[in-house]
Every structure is written in C-alpha cells, then in structure tokens.
Amino acid sequence: MKVRALLSSIAVASMLSGTAAQAEIGIKNFRQIIQSFSSLTAVPLTDTDVKATIDETQSRLPKFGRPDEVNSAMLLAMTSLSGIFCQKMIQSDSVKTVDQRRVHKMVDFTKIPSTYNDDARKAIMEEYAQLFWGRSASEMEKTALIKTFQDMQTSAGDTVDGLKKALKATCTVVGSSQEFFMY
Amino acid sequence: MSDQKKTELESLSCGPYKYDDHPRPTNRRDLLRQGFMSFSAFAMAPTIFGMAASTAHAFECAQPTAENYLPYLAIDCAGGAALPANFLVGKQGGPNDLLASYGTLGWDPRTAPIDSRFGLPMAGNNISQILAGMLSIMSADAQARFRMSSLCHFAQDDSSSNPLSVISLVQQIGYRGLLVPKALGIVDSESGGNSRSAGSLPTLKPLPVKRVSDILNAVSFGRAFNDLRGDPVTNMVKGSVALSEQQIGMIPDTDEGRALKDALLCGYKQNLAYTQSTNGLDPRQNATFQQVYGINANTAVDNEDAVTATVVSNVLNGNAGPGVLTVGGCDYHDGTQTTGDRIDRKIGLYIGRAVEAAHRLKKPLFIHILTDGGCATNPGSRAWRSDSGVRCMSVIGMYDPNGPRQQMRLQVGNFTDGEAADQSTLIGAQPVKVAYAVFANYLKSAGQLNRFEELLPGVFSTAEIDSILAFG
C-alpha cells in the first residue's frame with residue numbers, strides 16, 4: 001500500500017540519520033506506530049478512546065525505533081493499541097456498504113462465526129495481512145490466525161456479537177505482530 | 001504547557017529557582033533540578049545494541065524472582081542536595097573524626113546536638129529536616145531496625161551524567177517482579193531517575209510510573225478488551241504467540257536478530273500471565289499504604305503520594321523489580337534556608353514512609369540515596385548560596401525486620417579539612433565507583449556478595465571490597 005511504503009521510507013530515512021544506521025533490523029518508533037495504525041485503519045487520532053489508549057500506552061512504545069526496545073511491556077502496549085484501532089475500524093465497517101469499507105469486504109456482519117467456512121476465513125485473514133503487513137499471509141500464518149478465529153468462536157460465543165469479537169481479536173493479533181512494527 | 005499546569009507543577013516542588021549564576025533552564029533535566037517540573041520525561045541518546053542486550057532479554061524471559069530478592073529502592077535527589085548538612089561527614093576515622101570546620105556545610109557538630117539512632121550521625125534538634133521528615137512518620141520499632149552509612153565522593157553539579165544509580169546492576173542479578181518484570185521509576189529515563197545508571201542496559205529501562213494507572217495499564221490489555229475477559233483474551237494472546245512463532249524465522253540470524261527473537265517469544269508469552277488476575281498493584285486499595293502515605297481509594301491517580309506509594313508498594317510486595325523515586329528541586333541554593341529545609345523534609349518523608357511501610361509489611365528494604373553534587377553556604381548559615389560538586393555524598397540504608405544490621409563502618413571514603421570530599425580515596429573521584437560500592441553493599445546485604453565478581457570482574461580487589469562494605 002502506498003501509505004505503508006511512504007511510512008517505511010520515512011522510517012528508513014530517520015533510521016539512517018542516526019546511530020541506528022548500524023542496525024540490520026528496524027523497529028517503528030512510537031510516532032510511526034501510532035500514525036501507521038491511524039492511516040491504515042482510517043480511524044482518526046482525535047477519537048476519544050484512541051486518544052486515551054495512546055495516553056496509556058505511549059510511554060511503553062519504542063522511543064527511538066531500536067530493536068532493544070522490544071520487551072513484554074512494549075508488546076502489551078501494541079496489543080492495546082492494535083485492539084482499539086481494530087475495534088473502531090470494525091465498528092465503522094459494520095455500518096457501511098461493502099464498497100465503502102476499509103477491509104471486511106467478505107464479511108456479513110449479520111451472520112455468526114460458524115457460517116464462515118475456511119475459504120471465507122482465509123479471505124478475512126488475507127485482508128488483515130495486506131492491510132497491516134502489505135503482503136499476503138503465508139499458509140502457516142493463515143493457519144495460526146484461523147485457529148485464533150475458531151478459538152474465539154468457542155470462547156466468545158457463536159453469535160453476531162461473537163463475530164465482532166472474533167474479528168477484533170484476529171485483527172489485533174495481526175496488527176500487534178512483529179511483521180507490523182518491524183522493517 | 002498551560003499556565004495552570006505550569007503553576008501546578010511548580011507548586012509540587014518549591015517554585016522554580018532562577019539564579020544569576022545559572023543559565024535559564026533550557027531542557028527537561030534543568031527543569032527537574034531547578035524545580036520547574038516535579039515529574040518529567042527524559043530523552044536518552046541511543047546506545048549500541050549488542051551482546052549485552054541478549055543477556056538482558058534473558059533476564060526478562062526468566063521466571064519472576066522478586067520474592068527471593070532484597071527489595072531495593074533508590075531516592076534520587078535531583079539537583080545536588082546538601083546531604084552533608086544533614087548527615088555528619090568526617091575524616092579518615094569516620095564521621096566522628098571531625099573536620100577542622102564545617103562552615104560551608106551548614107551546621108557545626110561541635111555545638112549542635114547529634115542524633116545517632118540510625119548509626120550514621122545526623123544533625124539533631126530539628127536542624128536536619130531529612131531527619132525530621134523521617135521521624136515524622138517512622139514508628140519507634142521501625143527506627144530501631146533501620147541503619148544508614150555514607151559514601152563520600154565528588155559528583156558533577158546539576159548533571160544527569162553521573163553514573164551513580166545501580167538500578168540496572170541490581171536487575172542484572174535476576175531481580176524481576178512477579179507481575180511487572182521491570183524496575184519502576186518516576187522519571188521516564190534509562191535509569192528511572194535523574195542520575196545515569198552504572199552498567200546500564202537499554203532493555204532494563206524502568207517502567208515509567210507517573211500515575212497509578214501507569215502500572216495498572218502495564219498489565220492491562222486496554223479498553224478495547226473490556227468485553228473479552230477470561231478465555232477469549234487468553235485465546236487472543238495465544239494467537240499472538242502462535243503467529244510470532246511463525247514469523248520469527250524471518251528475522252536475520254545475527255546477534256541482534258537472536259536477541260530480538262528472544263524478546264519477542266518471551267514477551268508474547270509473558271503477556272499470557274496478564275490474562276489472569278492482576279490484583280494488588282494499586283496502593284490506594286491497601287490499608288497499610290493508605291495509612292503510611294495518607295491516601296485512599298479515591299485519591300487521584302496523579303497524586304504525588306499515590307504515585308510514590310505505587311512504586312514503594314510494588315517494590316516491597318515483589319510485584320515489580322527495584323524502584324527509583326526522584327525528588328526534584330534539590331538545586332535549592334536560592335540564598336535561603338527555607339527552600340532547602342522544605343525539600344530536605346520531603347526527602348526525609350520519602351525515606352521514612354518507605355521504611356515504615358517495609359516495617360509494617362515485615363519486609364527487608366535496602367535504600368540508596370543519591371544526588372548530583374551538593375551545596376555550599378556561608379559560615380554559620382544554612383542559606384545555600386551555590387552548587388558544590390565536591391560536597392557530595394551518597395547514603396545507603398538497610399531496614400531488617402529481624403533487627404538492626406551490624407555496621408562495619410559508618411562512612412566509606414571521607415571529607416577533608418577543606419570541607420570537601422577526599423578524591424584520593426577508592427571511590428572519591430569517580431561516581432561510577434560509588435555505584436559499584438553501593439552495589440557491593442546491596443549484594444552483601446542480600447547475602448549474594450559472591451555475585452559481584454561475576455557481574456563486575458576485576459573492578460575491585462577482595463581487599464578493596466572489604467574496605468567499602470558498610471553492613472555485616
């Protein structure tokens with residue numbers, strides 16, 4: 001996606017301008033992470049819940065974009081942030097027509113999780129992968145994500161509300177993954 | 001920053017100091033030391049990520065150990081507090097080997113009453129406001145079990161560059177919290193406080209706690225998951241672990257890459273622990289801390305007493321690793337005594353509350369008081385007139401619920417008749433050696449002195465280590 005490519009190039013330029021030029025692995029810093037989430041999900045940073053979540057998590061996100069800033073506190077912060085942006089995006093898409101949605105082109109929000117067969121689930125995972133990673137998900141990645149969706153169906157309920165929870169959880173897993181914040 | 005907020009921050013210290021001999025504060029460090037800000041965030045320069053980081057990740061990935069470690073709490077007095085105006089300093093014979101004069105240090109031990117209840121003599125009769133602050137909160141039983149010793153040394157005035165903190169070293173022996181596998185600090189910096197940490201590792205940066213909610217959020221999945229407690233959130237986190245295991249293979253097989261893989265795998269797995277109950281982090285819900293800190297369940301999350309109680313309670317309970325409190329505004333040479341007394345009393349209250357809380361919980365506690373330099377005054381006065389890096393000292397304290405620790409010496413290093421720290425001693429000239437000495441004392445107090453050579457090989461000889469130990 002153009003936005004992702006632009007953000008990546010900005011991140012690379014800032015990385016090369018400092019001591020991180022020596023690193024082989026790049027990590028988005030807190031500004032890049034937050035801006036990426038907003039741009040990719042089309043959820044504005046002015047949203048009250050988003051602002052509150054940023055306030056609660058920002059201090060644990062990478063300040064400089066160095067790999068040594070990755071730790072459990074940072075990953076939990078990523079989960080919180082990914083969760084709120086995914087929740088808002090799902091809420092927004094659920095009241096739009098298919099062609100207006102950010103993703104969820106194959107989702108019928110009036111149906112329950114068990115009505116989605118493997119191909120349908122794979123298509124949803126592929127949308128999330130393209131959105132956050134800018135590439136297709138591998139078969140192994142799709143398998144892991146589909147299992148998450150299935151486990152959520154079991155634990156959160158095979159209901160219309162359960163569908164949104166399953167989508168939120170799966171979207172969060174993709175958005176908080178290393179593939180999103182590494183480059 | 002709004003004018004209202006600025007006024008609020010200034011009121012938390014004693015108002016900003018504007019000195020003719022100091023440039024106007026231009027960065028956050030200056031603002032903290034001169035009392036413009038009480039809690040502030042620091043931006044630290046990047047460091048090289050290498051082999052040491054992988055070791056640090058190994059610590060984070062290990063099992064929680066805080067319940068097996070001696071709780072450690074640092075009180076970082078930012079700006080150069082006049083500690084020799086509170087604690088007696090002496091020559092090679094110790095604090096009672098009096099200097100020829102004490103004119104610039106703020107009191108005369110030959111004429112003022114001396115209080116030695118904590119081992120290290122302090123200025124009595126309300127002269128030392130650090131002592132006054134401690135005694136205002138510490139019970140007699142707590143006092144009886146607490147002892148302090150000093151280290152006399154030089155440090156750069158008003159500087160965050162002194163590597164006086166040992167927060168990173170203390171973590172490197174494997175000390176990590178049951179719920180939050182990190183140290184806690186009031187300041188968002190590499191050390192969690194004002195002074196730099198000796199032996200610092202970037203991955204051991206303390207969790208910044210500026211509000212009570214910061215530690216609650218550190219174990220929370222956030223508001224998006226209020227509707228997903230229990231099994232659903234556990235399944236989500238398991239999904240993250242599984243996906244990470246698939247994506248790990250894409251990371252380069254280099255030192256940096258391997259360290260990152262460790263961090264990712266253990267980090268996602270650590271988050272599984274947070275899907276269970278994480279009670280006990282909020283001191284506002286705890287009767288002991290309500291009483292000691294004067295807080296209650298409705299105290300604001302950014303209330304200073306609640307925030308300091310959050311660090312202390314979670315250090316003592318083993319929920320987190322070691323902790324650092326920072327007292328701002330210690331650069332109090334504004335030509336008055338009033339300001340210094342007010343800040344000193346605050347330092348005393350910080351010490352006293354932590355020890356009293358440890359006493360009520362029947363937990364041991366090692367306290368480390370550090371500062372960047374000191375102050376000088378005119379003879380016969382406590383109206384502080386200037387910075388003085390040669391009038392610096394650190395203090396270590398040990399609270400033992402089983403009874404006061406034996407003290408091998410009250411003072412490491414010494415002052416001279418020139419009323420300055422003797423820089424010819426083992427620790428006198430280099431703040432980093434002071435940190436190593438404090439670390440040796442922490443390990444000794446924790447029964448782990450054998451770990452010193454493992455972490456700091458060749459730094460001190462056996463004889464040198466013996467010469468810097470304060471507690472038996």
Visitor: Which region of S220(B), side chain (C-beta onward) or backbone (N, CA, C, O), has a non-hydrogen atom less than 4.5 Å from a non-hydrogen atom of chain A, or is it both or neither?
Guide: backbone
Visitor: For L264(B), is it the side chain, the backbone, both, or neither that has a heavy atom closer than 4.5 Å to a heavy atom of chain A?
Guide: both
Visitor: What residue, out of G222(B), A242(B), A224(B), has the most heavy-atom pairs lying under 4.5 Å from chain A?
Guide: A224(B)
Visitor: Please rank D161(A), T172(A), V174(A) by heavy-atom pairs under 4.5 Å with chain B and give me the top one.
Guide: T172(A)
Visitor: Which bit of Q178(A) comes within less than 4.5 Å of chain B, counting heavy atoms only: side chain, backbone, both or neither?
Guide: both
Visitor: Which residue in the set T154(A), D151(A), V173(A) passes side-chain contact (heavy atoms from CB on, under 4.5 Å) when paired with N235(B)?
Guide: D151(A)
Visitor: Non-hydrogen atoms of chain B under 4.5 Å away: do they reach the side chain of L76(A), the backbone, both or neither?
Guide: both
Visitor: Using a cut-off of under 4.5 Å for heavy-atom pairs, which of L207(B), D227(B), D214(B), D231(B) has the most such pairs with chain A?
Guide: D227(B)
Visitor: Where on S177(A) is there a heavy atom nearer than 4.5 Å to chain B: the side chain, the backbone, both, or neither?
Guide: both
Visitor: Within 45° of the ring axis of F37(A) and under 6.0 Å from its six-membered ring centre, is that where the NZ or CZ of K88(A) lies?
Guide: no
Visitor: Which atoms of D55(A) are under 4.5 Å from chain B, going by heavy atoms: the side chain, the backbone, both sets, or neither?
Guide: both
Visitor: Against chain A, work out which of Q246(B), Q247(B), M236(B), K238(B) has the most heavy-atom pairs shorter than 4.5 Å and name it.
Guide: Q247(B)
Visitor: Side chain, backbone, both or neither: which part of S240(B) has an atom under 4.5 Å from a heavy atom of chain A?
Guide: both
Visitor: Hey, is K122(A) close enough to E139(A) for a salt bridge, meaning N to O under 4.0 Å?
Guide: yes
Visitor: Does the pair D188(B)/K63(A) count as a salt bridge with the N-to-O cut at 4.0 Å?
Guide: yes
Visitor: Within the 3.5 Å criterion, strictly below it, is a donor on Q35(A) or S38(A) matched to an acceptor on the partner's side chain?
Guide: no
Visitor: Are side-chain heavy atoms of Y116(A) and Q150(A) found at a separation under 4.5 Å?
Guide: no
Visitor: How far apart are the C-alpha atoms of L75(A) and F181(A), what are their side-chain angles, what is the distance that settles it, and do they pass the side-chain contact (heavy atoms from CB on, under 4.5 Å) test?
Guide: CA-CA 10 Å; L75(A) 294 173; F181(A) 60 78; 3.8 Å; yes
Visitor: Top residue by heavy-atom pair count (under 4.5 Å) with chain B, among K147(A), M152(A), M78(A), M74(A)?
Guide: M152(A)
Visitor: Would you verify whether the NZ or CZ of K28(A) falls within 45 degrees of the ring axis of F180(A) while also being under 6.0 Å from that six-membered ring's centre?
Guide: yes
